[in-house]
Amino acid sequence: MTEIRELLLSRIRDVADYPEPGVMFKDITPLLADPAAFSALSDALADIARATGATKVVGLEARGFILGAPVAIRAGIGFIPVRKAGKLPGATLSQAYDLEYGSAEIEVHAEDLSAADRVLVVDDVLATGGTAEASVQLIRRAGAEVAGLAVLMELGFLSGRARLEPALAGAPLEALLTV
């Protein structure tokens, strides 16, 4: 696992002062452009999906789509996108959540999850945990069980894990990298 972590870290680029001064943005596009690194990441996350007994992967908009879809394929399970409000046609369930300044809302197709599903939430970064917490609430409201949450990178200094652990109610939170 140390080799995979080193490979992944070597393909994440720091971009200073983006999207605003004082922020060090972690850019994963070089990792996605490297087939060996992207494949290793997909395999590691698929291993987590299998270990949790997940029957579906939920990918959070937008980079969670990029990571979650190959994880679902490799784990042999379904993929469900969780989108920003207003992006899905048809009947949806929605969940509002608070941001630092204001609020946001995410949605899932109501018929895509059922009580028979164990869902692994996949995203690129765990920051403050607001979107991930809302997705956990949304999955449960759809009647499904939360199998866990897996991310490429956790920004430990933003305390997202502390916010999420009560919502996860014992389901695992796996971060391949912590910065």
Side-chain angles (χ1 to χ4, degrees), residues 4-5 8-9 11-32 38 41-42 44-45 48-49 52 54 56-69 71-72 79-88 92-108 113 118-142 144-179:
I4 292 172
R5 285 187 178 109
L8 298 176
L9 274 173
R11 301 303 188 275
I12 297 171
R13 176 177 47 205
D14 286 342
V15 180
D17 299 321
Y18 183 82
E20 59 187 52
V23 173
M24 181 64 72
F25 184 77
K26 300 293 187 183
D27 181 14
I28 68 166
T29 57
L31 187 156
L32 299 174
F38 193 14
L41 171 59
S42 298
L45 292 172
I48 294 168
T52 63
K56 300 256 174 79
V57 167
V58 156
L60 304 182
E61 188 166 340
R63 289 180 299 266
F65 296 175
I66 297 167
L67 303 185
V71 168
F79 174 78
I80 309 296
V82 167
R83 305 283 322 258
K84 294 176 183 170
K87 301 285 186 179
L88 290 172
T92 61
L93 288 174
S94 64
Q95 182 69 46
Y97 61 101
D98 291 329
L99 299 169
E100 188 175 354
Y101 301 104
S103 63
E105 194 172 358
I106 55 174
E107 295 179 330
V108 67
L113 295 171
R118 287 182 47 81
V119 180
L120 178 69
V121 178
V122 171
D123 206 3
D124 64 330
V125 174
L126 173 61
T128 62
T131 307
E133 181 182 37
S135 71
V136 166
Q137 293 167 345
L138 189 58
I139 290 162
R140 289 200 177 110
R141 286 186 43 231
E145 181 181 350
V146 176
L149 185 132
V151 296
L152 163 60
M153 184 175 7
E154 178 180 353
L155 304 180
F157 60 93
L158 292 176
S159 303
R161 181 176 292 267
R163 177 179 184 167
L164 269 176
E165 284 178 338
L168 286 169
L173 192 170
E174 300 285 342
L176 298 178
L177 306 171
T178 302
V179 294

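Side-chain atoms of Leu152 and Val125, non-hydrogen and from C-beta on, never get closer than 4.5 Å to each other. A heavy-atom distance below 4.5 Å is found between the side chains of Leu60 and Val121. Annotation: side chain of Asp124 is not in contact with side chain of Val151 (no heavy-atom distance under 4.5 Å). Between Ser94 and Ile106, every side-chain heavy-atom pair lies at or beyond the 4.5 Å cut-off. Considering only heavy atoms from C-beta on, Phe38 comes within 4.5 Å of Ile66 through its side chain. You'll find the side chain of Leu176 reaches within 4.5 Å of the side chain of Ile48, heavy atoms only. Inter-residue side-chain proximity for Leu126 and Met153 is flagged as unmet; no heavy-atom pair is nearer than 4.5 Å. Looking at Ile12 and Asp27, their side chains never come closer than 4.5 Å, going by heavy atoms from C-beta outward.
A pairwise comparison of heavy atoms in Ala49 and Val71 identifies CB-CG1, 4.3 Å as the closest pair. Minimum interatomic distance between Gly22 and Asp17 (heavy atoms only, all atoms of both residues): N-OD1, 2.8 Å. In plain terms, the two heavy atoms of Leu168 and Arg140 that are nearest each other are O-NH2, 3.3 Å. The minimum heavy-atom distance between Phe65 and Phe79, with the atom names listed, is CA-CZ, 3.9 Å. Listed here is the closest heavy atom pair of Thr178 and Ala175: OG1-CB, 4.2 Å. Between Ala167 and Val136 the shortest heavy-atom distance is O-CG1, 3.6 Å.
Salt bridge absent: Glu107 and Lys87 never bring a charged side-chain N and a carboxylate O closer than 4.0 Å. Salt-bridge formation is detected for the pair Lys26/Asp14: a Lys NZ or Arg NE/NH1/NH2 atom is positioned less than 4.0 Å from an Asp or Glu carboxylate oxygen. Salt bridge Lys84/Glu105: absent, no basic N to carboxylate O contact under 4.0 Å.
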Side chain to side chain contact (heavy atoms under 4.5 Å, CB included) evaluation trace for Thr29 with Arg13: CA-CA 8 Å; Thr29 57; Arg13 176 177 47 205; 3.4 Å; yes

Stepwise side chain to side chain contact (heavy atoms under 4.5 Å, CB included) test for Leu31 and Leu8: CA-CA 7 Å; Leu31 187 156; Leu8 298 176; 3.6 Å; yes

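A distance of 6.0 Å separates CG of Leu164 from CD of Glu133, quoted to the nearest 0.5 Å. Between the CZ atom in Arg161 and the CG atom in Leu149 there is a gap of 9.0 Å [rounded to 0.5 Å]. For the atom pair CD of Gln137 and CG of Leu93, the computed distance is 13.0 Å after rounding to the nearest 0.5 Å. Atom CG of residue Leu41 and atom CG of residue Leu32 lie 8.0 Å apart, to the nearest 0.5 angstrom. Atom CD of Gln95 and atom CZ of Arg141 lie 5.0 Å apart (nearest 0.5 Å). In this structure, CG in Leu158 is found 7.0 Å from OG1 in Thr128, a value given to the nearest 0.5 Å.
Exactly one of Val58, Ile80, Val108 qualifies for a side chain to side chain contact (heavy atoms under 4.5 Å, CB included) with Ile139. That residue is Val58.
For CZ of Phe25, the number of neighbouring non-hydrogen atoms (other residues, nucleotides, ligands) closer than 6.0 Å is greater than 12.
Side chains of Thr131 and Tyr97: a donor on one and an acceptor on the other come within 3.5 Å.
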